[in-house]
Amino acid sequence: MDIGAEILTEVRVVRVTETTVTLSLPLADAGLRVGALVLLRWPAGPRGRYSQQGTVRRTDENRIDITLLGDPEIEQLRNFVRGGGGESILLVRADEPQRVGRVHDLSERSVRAYFGDVDLRPGEEMLLRLQLGEEVVQFPAIAYRVAQIRQQVPVRGPLVTEMVAIFEKDERQAKVIRRYVMRLQLQARREAAAAAALAEEALAEASVTAAR
């Protein structure tokens, strides 16, 4: 947590909602005033982190409630954040039938996707249209890497084509992808935290039952 004059590192998340986060920190660092502006940072995988501004809403000894402002932003060592998987993707090429596939992962500049057995070559130009939640984005793209893989699970099956394509730059649509991926990652973090909390509660109840 960045409070301007210094960065506090021994901060623990107690509770998170859509707009508020409750933090626990050492008493020596708990002198923040209500209304103070802070900047929170947390991991976004091994090569980056999220950051989001907030204001101190309430203090109670070593705990503080922060009201989150705006949307989280990515601060990363790599060029683009990647995520997603399972989304529908449409492959459009001149003089070829359109093909529908599934996304494996994507970033604001590239996508890795699988199609049924289709003839593709590195360097081939195309238009890609992706369904991202309620939004649709489309980019001119170039096939960067293509491989054919035979389905093995759950049973040996037909060939599928794996393609990595690079998008032509379009900042407006790249921003849509960036926000979409970040929402997925935030949702995954919330679900993991909720699952961990339920596991702790179950363990505590089991301990109480065993003690009886």
Side-chain angles (χ1 to χ4, degrees), residues 1-3 7 11 13-23 37-57 65-92 98-115 125-145 162-197:
M1 182 169 66
D2 188 339
I3 62 173
I7 296 176
V11 178
V13 176
V14 177
R15 183 175 61 254
V16 178
T17 68
E18 289 292 330
T19 58
T20 305
V21 58
T22 300
L23 304 175
L37 185 66
V38 300
L39 180 64
L40 305 179
R41 293 188 175 97
W42 64 94
R47 301 185 62 184
R49 61 186 180 182
Y50 293 110
S51 67
Q52 187 168 8
Q53 284 192 326
T55 56
V56 178
R57 177 182 177 184
D65 290 343
I66 304 293
T67 299
L68 301 174
L69 304 175
D71 296 321
E73 298 181 356
I74 194 72
E75 298 176 353
Q76 55 186 352
L77 301 178
R78 60 188 176 186
N79 290 331
F80 305 106
V81 60
R82 301 193 68 84
E87 298 83 2
S88 177
I89 181 170
L90 181 68
L91 167 64
V92 181
Q98 298 182 1
R99 304 296 292 267
V100 176
R102 291 291 173 186
V103 171
H104 183 275
D105 58 42
L106 75 154
S107 78
E108 60 202 75
R109 285 299 308 278
S110 67
V111 62
R112 179 164 48 149
Y114 294 98
F115 298 87
E125 296 182 354
M126 64 196 68
L127 179 74
L128 295 176
R129 187 175 298 129
L130 295 92
Q131 181 76 44
L132 304 180
E134 299 297 321
E135 298 185 86
V136 175
V137 296
Q138 66 179 29
F139 294 83
I142 297 177
Y144 174 70
R145 186 169 64 245
E162 179 190 63
M163 177 191 70
V164 176
I166 307 298
F167 302 138
E168 291 186 14
K169 188 170 183 179
D170 181 325
E171 181 55 34
R172 183 185 66 82
Q173 297 194 90
K175 190 174 183 180
V176 172
I177 292 179
R178 185 162 59 245
R179 288 182 172 176
Y180 174 78
V181 171
M182 289 174 64
R183 284 198 302 270
L184 290 181
Q185 294 184 346
L186 287 171
Q187 180 181 347
R189 286 177 58 85
R190 292 191 183 104
E191 290 175 352

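Position 1 is the first residue of the sequence; numbering continues from there. The shown structure was predicted, so the numbers you read here are calculated from the model rather than taken from an experiment.
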Margin query: If I take atom CG from residue Leu91 and atom CG from residue Leu127, how far apart are they, to the nearest 0.5 angstrom?
Written below: 9.0 Å
Next item on the list: Quick one: pull up CG in Asp65 and OG1 in Thr17 and give me the separation to the nearest 0.5 Å.
Entry: 9.0 Å
Next item on the list: Please list, chain by chain and in numerical order, all residues satisfying side chain to side chain contact (heavy atoms under 4.5 Å, CB included) with Gln98, sequence neighbours excluded.
Entry: Leu90, Val92
Next item on the list: Apply side chain to side chain donor-acceptor pair (under 3.5 Å) to Gln138 and list each qualifying residue two or more places apart in sequence or on a separate chain.
Entry: Arg129
Next item on the list: Evaluate the ring planes of Phe167 and Phe139, with Trp represented by its six-membered ring, and classify them as parallel (under 30°), tilted (30 to 60°) or perpendicular (over 60°).
Entry: parallel
Notebook entry, point to check: Can you tell if the side chain of Ile166 reaches within under 4.5 Å of the side chain of Arg109, non-hydrogen atoms only?
Noted result: yes
Item checked: For the student: nearest non-hydrogen atoms of Leu128 and Ala165, plus distance -> CD1-CB, 3.8 Å
Item checked: Minimal non-hydrogen separation, Arg102 against Gly86, with atom names -> NH1-O, 3.1 Å
Checklist line | For Leu40, all residues meeting side chain to side chain contact (heavy atoms under 4.5 Å, CB included), sequence neighbours excluded | finding: Met1, Val21, Leu23, Val38, Trp42, Ile66, Leu68
Item checked: Within-4.5 Å side-chain heavy-atom neighbours: Arg179 and Glu135 -> no
Margin query: With side-chain contact (heavy atoms from CB on, under 4.5 Å) as the test, pick out the partner of Leu132 among Ile177, Ile89, Val103, Val181.
Written below: Ile177
Check: What residues form a salt bridge (charged side-chain N to carboxylate O under 4.0 Å, His left out) with Glu162, not counting sequence neighbours?
Finding: Arg112
Check: Who passes side chain to side chain contact (heavy atoms under 4.5 Å, CB included) against Thr55, sequence neighbours left out?
Finding: Leu37, Thr67, Leu69
Checklist line | Counterpart residues, side chain to side chain contact (heavy atoms under 4.5 Å, CB included), relative to Val14 (two or more places apart) | finding: Arg12, Thr22, Ser24, Arg63
Item checked: Tyr114, OH atom: more than 12 neighbouring heavy atoms under 6.0 Å -> yes
Margin query: With a sphere of 6.0 Å drawn around CD of Gln131, does it hold more than 12 non-hydrogen atoms of other residues, nucleotides or ligands?
Written below: yes
Check: Does the side chain of Arg190 reach to within under 4.5 Å of the side chain of Glu18, using non-hydrogen atoms?
Finding: yes
Checklist line | Of Arg145, His104, Met126, the residue whose pairing with Met163 passes side-chain contact (heavy atoms from CB on, under 4.5 Å) | finding: Met126
